[in-house]
Amino acid sequence: MDFIFLEEIDSTNKYAKDNIALISDGTIVYTDKQTAGRGRLNRKWVDMGKDNIYASLVLKPSDTMLAVYSNLTQLLCLVLCQTFEEYGVIPKIKWPNDIQINGKKISGILAEAVIAENSLKGIVLGFGINLNTSSEVLSEIDQPATSLNVETGKTIDKKEFLDKLTAKFFLLYNKFIEDGFLLIREDYIRRAGFLNKEITVKVLNEKLFGLATDITPNGALKLLDKDNKEHILLIGDIL
Ligand code: BTN
């Protein structure tokens, strides 16, 4: 596992994608200042200072795309939760890979695949973590957000957090590629804050409303709509 530290960059995901051929498998690119961070649903990821995490994990499992690779964000989401728990907080997953504490967002993941000439060059798992940001600064974000230092009352060491997180990720990674989401399903479900609740999910340009009933063995969300029709969603975002 290697680390590439950049003092300032537009986006660690963009840097990782642009330099994918030069970055080795298992590298974490991270920065102190991200000037054009991007999130899911075309949102921005706001830079809230150097003591937070803006990072991208580069993986090169094979040169063809396998279905299990789309579950890697869920593996990262689980190990993020387990790392937060080491600091004594109780994180909840908002499917597929947002993390909240007391209903407030603390971390998000943006996964991107680099494909060229019909071959997979790499997978970039970008993640932002609010580690050390005051409630005043957090209140300027357009959605409820929190940080680990607000939740614990302690200053969090950024490199220490990244080391704990990546160690947990690579402990499970090889087996996860072999076994798939089933390897972590129970641990994931235990932290799922959305199950048995009525939710709205944005799937491409459509919105679906219903009861979140389960997570399937391959990580999809089961949603029961008002006509009792079951939807199995492999992609989407809970709004
Ligand atoms: C989301 O919740 O919408 C995903 C946010 C992902 C943000 C991270 S910060 C590091 C990496 N570089 C980016 O431009 N985005 C991701």
Side-chain angles (χ1 to χ4, degrees), residues 2-20 23 26-59 70-81 83-84 91-114 122-133 137-138 140-148 156 158-159 161-162 165-166 169 188 191-194 199-204 221 235-239:
D2 287 332
F3 285 93
I4 296 177
F5 171 71
L6 307 163
E7 269 174 26
E8 179 177 334
I9 193 73
D10 48 2
S11 150
T12 57
N13 264 35
K14 182 171 183 306
Y15 177 92
K17 288 194 297 171
D18 290 349
N19 296 286
I20 198 86
I23 302 177
T27 298
I28 291 104
V29 179
Y30 72 111
T31 187
D32 269 355
K33 187 169 182 193
Q34 190 170 245
T35 53
R38 290 170 306 109
R40 288 160 68 92
L41 303 171
N42 283 328
R43 289 191 180 128
K44 285 184 189 159
W45 187 262
V46 181
D47 186 294
M48 292 190 295
K50 69 173 180 53
D51 296 322
N52 297 288
I53 291 179
Y54 316 95
S56 300
L57 170 58
V58 174
L59 299 169
S70 57
N71 296 113
L72 281 167
T73 57
Q74 288 166 307
L75 174 63
L76 179 57
C77 186
L78 174 68
V79 296
L80 271 163
C81 285
T83 310
F84 285 130
K92 292 281 174 212
I93 298 171
K94 186 173 155 194
W95 180 87
N97 49 44
D98 265 8
I99 302 176
Q100 299 182 325
I101 294 181
N102 296 323
K104 296 175 188 169
K105 184 156 170 169
I106 189 160
S107 177
I109 300 172
L110 175 68
E112 300 183 86
V114 184
I123 295 166
V124 177
L125 299 181
F127 53 99
I129 310 172
N130 304 334
L131 272 197
N132 297 289
T133 300
V137 174
L138 288 161
E140 288 162 22
I141 301 182
D142 61 356
Q143 57 177 312
T146 189
S147 67
L148 194 52
I156 313 296
K158 173 162 147 169
K159 187 63 170 46
F161 188 99
L162 267 180
L165 174 72
T166 46
F169 184 88
Y188 183 93
R191 295 165 175 88
F194 52 85
I199 56 170
T200 303
V201 186
K202 186 170 188 281
V203 187
L204 304 175
L221 173 65
I235 53 161
D237 287 273
I238 298 178
L239 296 178

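Only a predicted model underlies this, so the values are computations on that prediction, with no experimental measurement involved. The analysis underlying the following values was restricted to heavy atoms, covering all of them including side chains, and did not include hydrogens, waters or symmetry mates. One-based numbering, in listed order, for ligands and for the atoms of each. Numbering starts at 1 and runs along the sequence shown.
Looking at Asp98 against ligand 1, only its side chain comes within 4.0 Å, counting heavy atoms. At a 4.0 Å heavy-atom cut-off, ligand 1 does not touch Arg43 at all.
Counted by atom type alone, Ser147 and Asn130 present zero donor-acceptor pairs between their side chains at under 3.5 Å.
When only non-hydrogen protein atoms are considered, atom 3 (O) of ligand 1 lies nearest to Arg40 N, 2.7 Å. Considering only non-hydrogen protein atoms, atom 2 (O) of ligand 1 sits nearest to Lys105 NZ, 2.5 Å. Atom 12 (N) of ligand 1 has Gln34 OE1, 3.0 Å as its closest protein atom, hydrogens excluded (heavy atom only). The nearest protein atom to atom 5 (C) of ligand 1, hydrogens excluded, is given as Trp45 CE3, 3.3 Å; this is a heavy-atom distance.
Residue Arg38 places a heavy atom under 4.0 Å from ligand 1. In this structure, Lys14 has no heavy atom closer than 4.0 Å to ligand 1.
For the pair Thr12 and ligand 1, the shortest N or O to N or O distance falls below 3.5 Å. In terms of polar-atom proximity, Tyr54 is not counted as a contact of ligand 1, lacking any N or O under 3.5 Å from an N or O of the ligand. Below 3.5 Å of separation, one finds an N or O of Ser11 facing an N or O of ligand 1.
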Show your working on salt bridge (Lys or Arg N to Asp or Glu O under 4.0 Å) between Glu112 and Arg38 and close with a plain yes or no. CA-CA 11 Å; Glu112 300 183 86; Arg38 290 170 306 109; 3.2 Å; yes
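Checked for salt-bridge contact, Asp47 and Lys33 miss the test: no charged N lies under 4.0 Å from a carboxylate O. The pair Asp51-Lys158 fails the salt-bridge criterion, with no side-chain N (NZ, NE, NH1 or NH2) lying under 4.0 Å from an Asp/Glu carboxylate O.
Without hydrogens or angle criteria, Ser56 side chain to Leu125 main chain gives no donor-acceptor distance under 3.5 Å. Under the 3.5 Å distance criterion, the side-chain polar atoms of Thr83 are matched with a main-chain donor or acceptor of Val79. Side chain of Arg40 to main chain of Gly236: a donor-acceptor pair is present (N/O by atom type, distance under 3.5 Å, no hydrogens or angles).
Taking every non-hydrogen atom of Ala55 and a distance limit under 4.0 Å, the qualifying atoms of ligand 1 come out as 10 (C), 11 (C). Numbered from 1 in the order shown, with element, the atoms of ligand 1 that lie under 4.0 Å from a heavy atom of Gly37 read 14 (O).
No more than 12 heavy-atom neighbours from other residues, nucleotides or ligands sit within 6.0 angstrom of CD on Glu7.
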